[in-house]
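We name chains A, B, ... by the order of the sequence lines, and we start the count at 1 in each one.
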Amino acid sequence: MGKPSATVLLDWYDRHARRLPWRVPPGHRRKPDPYRIWLSEVMLQQTTVVTVGPYFKSFLDRWPTVADLAAADLDAVLHAWAGLGYYARARNLHKCAIAVAGAHGGIFPDTEDGLRALPGIGPYTAAAIAAIAFDRPATVVDGNVERVMARLFAVEESLPSAKPNLHQLAAGLTPQSRPGDYAQAVMDLGAIVCTPRAPKCLMCPWQGDCRAQSLDIAESLPRRAPKAERPLRQGVVFWTVRSDGAVLLRRRPERGLLGGMIEVPSSDWGARAPADMAQAPVTAQWRELPGQVSHGFTHFQLELKVLAARVRKNAKAEGIWIMPDALGDHALPTLTKKIVRHALAHV
DNA sequence: AAAACGTGGTC
DNA sequence: TGACCAAGTTT
């Protein structure tokens with residue numbers, strides 16, 4: 001079985017490359033803007049191309065350069081990021097913009113090590129920016145590349161322990177010529193042809209070099225260690241409506257889950273919802289709304305009952321009073337939006 | 001080093 | 001419909 005050829009893959013890429021908002025088409029003379037490459041790569045961390053599209057365009061429209069983004073309020077960035085998830089990315093994005101616009105004079109580092117030192121840029125993103133924006137022969141390894149390598153070389157060891165091996169196999173194929181296009185080509189191959197389920201091996205430019213295909217085990221690779229089960233957590237949220245119509249929300253702490261985002265005040269989330277009103281933001285006549293709000297996080301499933309009450313115009317409470325019409329002006333993550341929708345529909 | 005960290009789409 | 005997964009990083 002021959003070694004998979006970068007040239008063969010690049011030929012395939014020249015014909016099949018996806019047209020993406022942040023991508024310079026293959027063979028194009030224009031150089032990619034490192035700011036756009038960085039912005040897209042951070043947004044694409046654990047997030048699909050389809051989801052990222054509109055966010056990328058609105059960020060670029062609003063903050064065309066890294067200096068513009070650095071000058072923005074963190075609140076505005078979190079608001080614009082709302083719905084994308086993994087909100088630490090938005091805080092690190094802002095930190096990184098400030099670092100680049102400040103200490104680096106508005107110029108992104110052009111080496112993996114230099115990039116790796118910036119907030120929110122890990123091994124994958126540093127390699128991707130070095131390759132795509134600066135055409136350096138960095139080895140770019142994301143989930144697609146891991147899958148492609150596991151199949152090409154029929155790696156039976158399971159993830160995540162196989163990561164170092166897969167990285168080394170990927171490094172052995174990385175070319176000196178057109179490394180940026182090559183990196184995107186392997187990822188496109190994984191997204192279009194070498195898909196997790198039902199890979200289209202007959203369309204693959206590397207089919208003659210793929211051990212997994214010759215063994216007819218492509219779809220079963222890469223193997224993965226069983227993932228931990230997601231426990232169920234429960235709680236109650238307090239939908240507090242003031243006599244002028246404003247509702248009570250609050251900002252979550254900067255660190256941790258949904259850090260810095262706006263939430264509806266709630267009890268702790270535990271194995272069971274608390275039975276008393278001890279954690280209510282105000283003393284009031286609480287009434288339970290029908291149904292509940294369910295939301296899945298990466299590491300637990302959440303179920304929330306909604307309690308509602310009306311309070312006087314001069315009621316004192318920790319938080320932010322917001323008119324329902326103005327909710328769009330704030331950084332509401334999807335969980336908060338679900339609760340708001342549920343409360344508005346049932347109160 | 002293992003766990004924390006969101007969300008939406010797919011089959 | 002529930003499990004799986006997506007251009008990972010941080011602590």
Side-chain angles (χ1 to χ4, degrees), chain A residues 17-18 20-23 36-56 78 81-93 95-96 115-133 138-148 159-161 163-164 167 170 180 182-192 194-198 219-220 222-233 252-261 263 269 294-302 331-338:
Chain A
R18 291 181 290 176
L20 304 174
W22 45 86
R23 180 177 280 178
R36 298 184 192 207
I37 302 304
W38 163 72
L39 179 62
S40 66
E41 289 301 341
V42 173
M43 287 183 167
L44 286 162
Q45 290 166 5
Q46 296 288 283
T47 308
T48 58
V49 161
V50 176
T51 302
V52 165
Y55 284 87
F56 176 78
L78 287 174
W81 195 275
L84 254 193
Y86 287 139
Y87 297 99
R89 290 186 295 171
R91 297 191 296 278
N92 285 144
L93 188 85
K95 265 191 225 165
C96 183
L115 289 160
R116 182 74 183 74
L118 291 164
I121 299 184
Y124 161 77
T125 305
I129 298 173
I132 298 169
T139 299
V140 178
V141 183
D142 73 333
N144 288 303
V145 179
E146 287 178 342
R147 184 171 60 254
V148 171
L159 287 170
S161 60
K163 278 174 181 285
H167 189 284
Y182 173 80
Q184 295 174 92
V186 189
M187 293 192 281
D188 271 16
L189 186 72
I192 298 168
C194 197
T195 47
R197 281 167 308 189
E219 190 162 13
S220 72
R223 297 203 208 292
R224 291 178 189 280
K227 51 198 60 167
E229 69 212 68
R230 291 191 318 174
L232 175 64
R233 292 196 201 168
R252 291 180 60 85
E254 279 300 314
R255 306 184 61 103
L257 187 71
L258 305 176
M261 306 298 283
E263 69 173 353
W269 304 337
S294 184
H295 189 74
F297 289 101
T298 310
H299 51 297
F300 64 94
Q301 180 70 30
L302 180 64
L332 307 194
T334 298
L335 170 61
T336 304
K337 286 181 179 160
K338 281 187 187 175

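The residue A:T298 sits close to a base: some heavy atom pair falls under 4.0 Å. Contact annotation for A:G259: no contact, since no heavy-atom pair falls under 4.0 Å across all strands. At a threshold of 4.0 angstrom between heavy atoms, the contacts of A:W81 with the nucleic acid are absent. A:G190 comes within contact range of no nucleotide atom at all, as no heavy-atom separation falls under 4.0 Å. Across all strands shown, A:S40 has no heavy atoms under 4.0 Å from either base or sugar-phosphate atoms.
Without hydrogens or angle criteria, A:R233 side chain to A:F300 main chain gives no donor-acceptor distance under 3.5 Å.
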Distances for protein N/O vs nucleotides 3-5 of chain C N/O pairs under 3.5 angstrom?
unit_1, atom_1, unit_2, atom_2, d
C:dC5, OP2, A:K227, NZ, 3.2

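With DNA chain B read from its 5' end, the first of the two nearest nucleotides for A:T51 and A:A228 is the one closest to A:A228. Comparing A:H299 and A:V50, the nucleotide of DNA chain B nearest to each residue sits closer to the 5' end for A:H299. Residue order along DNA chain C, read from the 5' end via each residue's closest nucleotide, puts A:L44 first among A:K95 and A:L44.
Rounding to the nearest 0.5 angstrom, the gap separating the CG atom in A:D188 from the CG atom in A:L20 is 6.5 Å.
When ring centroids are compared, A:F297 and A:H295 come within the 6.0 Å threshold.
When the nucleotides C:dA7, B:dC5, C:dG8 are ranked by their closest atom to the side chain of A:Q45, C:dG8 comes out on top. When each of C:dG8, B:dT7, C:dA7 is scored by its nearest atom to the side-chain atoms of A:F297, the top-ranked nucleotide is B:dT7. When the nucleotides B:dT7, C:dT9, C:dT11 are ranked by their closest atom to the side chain of A:Y124, C:dT9 comes out on top. Listed candidates were B:dC5, B:dT7, C:dT9. Nearest to the side chain of A:P123 is C:dT9.
Across B:dA1 and C:dT9, the matching C1' atoms stand 14 Å from one another, rounded to whole Å. On the C1' atoms, B:dT7 is 22 Å away from C:dT11, given to the nearest whole Å. With P as the reference atom, C:dA7 and B:dC11 are 15 Å apart, rounded to whole Å.
You'll find the side chain of A:I132 stays beyond 4.5 Å of the side chain of A:W22, heavy atoms only. Side chains of A:E263 and A:L258 form no contact here, defined as non-hydrogen atoms less than 4.5 Å apart. Counting heavy atoms from C-beta outward, A:L44 and A:F56 have side chains that stay 4.5 Å or more apart. When side chains are defined from C-beta on, A:M187 counts as touching A:D142, because their heavy atoms get closer than 4.5 Å.
Counting to the nearest Å, the P atom of B:dA1 and the NZ atom of A:K163 are 13 Å from each other. The CG-P distance, from A:L159 to C:dG8, rounds to 12 Å in whole Å. Look at CZ on A:F300: it is 10 Å from P on B:dT7, rounded to the nearest Å. Atom CG in A:L84 sits about 12 Å away from atom C1' in C:dA6, given to the nearest Å. Rounded to whole Å, atom C1' of B:dC5 lies 12 Å from atom CZ of A:R233. The separation between A:D142 atom CG and C:dA6 atom C1' is 9 Å, rounded to whole Å. For the pair A:M43 CE and B:dT7 P, the interatomic distance rounds to 15 Å; values are reported in whole Å. At whole-Å resolution of the value, CD in A:Q46 and C1' in B:dC5 are 10 Å apart.
Judged as a side-chain hydrogen bond (donor to acceptor under 3.5 Å, both in side chains), and not counting sequence neighbours, the contacts of A:R230 are A:Q301.
In terms of phosphate contacts, A:T48 brings no side-chain nitrogen or oxygen within less than 4.0 Å of OP1 or OP2 of C:dA7. In this model, the phosphate group of B:dT7 is approached by a side-chain N or O of A:H295 to a distance below 4.0 Å at OP1 or OP2.
Heavy-atom minimum distance, A:L115 versus A:A126: CD1-O, 3.6 Å.
Within residues 86-93 of chain A, the residues that place at least one heavy atom under 4.0 Å from DNA chain B are, in residue-number order, A:Y86, A:Y87.
One can find a donor-acceptor pair under 3.5 Å joining the base of B:dG6 and the side-chain atoms of A:T47.
No hydrogens or angles considered: nothing links the side chains of A:Q45 and A:R89 as a donor-acceptor pair under 3.5 Å.
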Evaluate the criterion side chain to side chain contact (heavy atoms under 4.5 Å, CB included) for residue pair A:L93 and A:W81; output intermediate values, then yes/no.
CA-CA 10 Å; A:L93 188 85; A:W81 195 275; 3.9 Å; yes
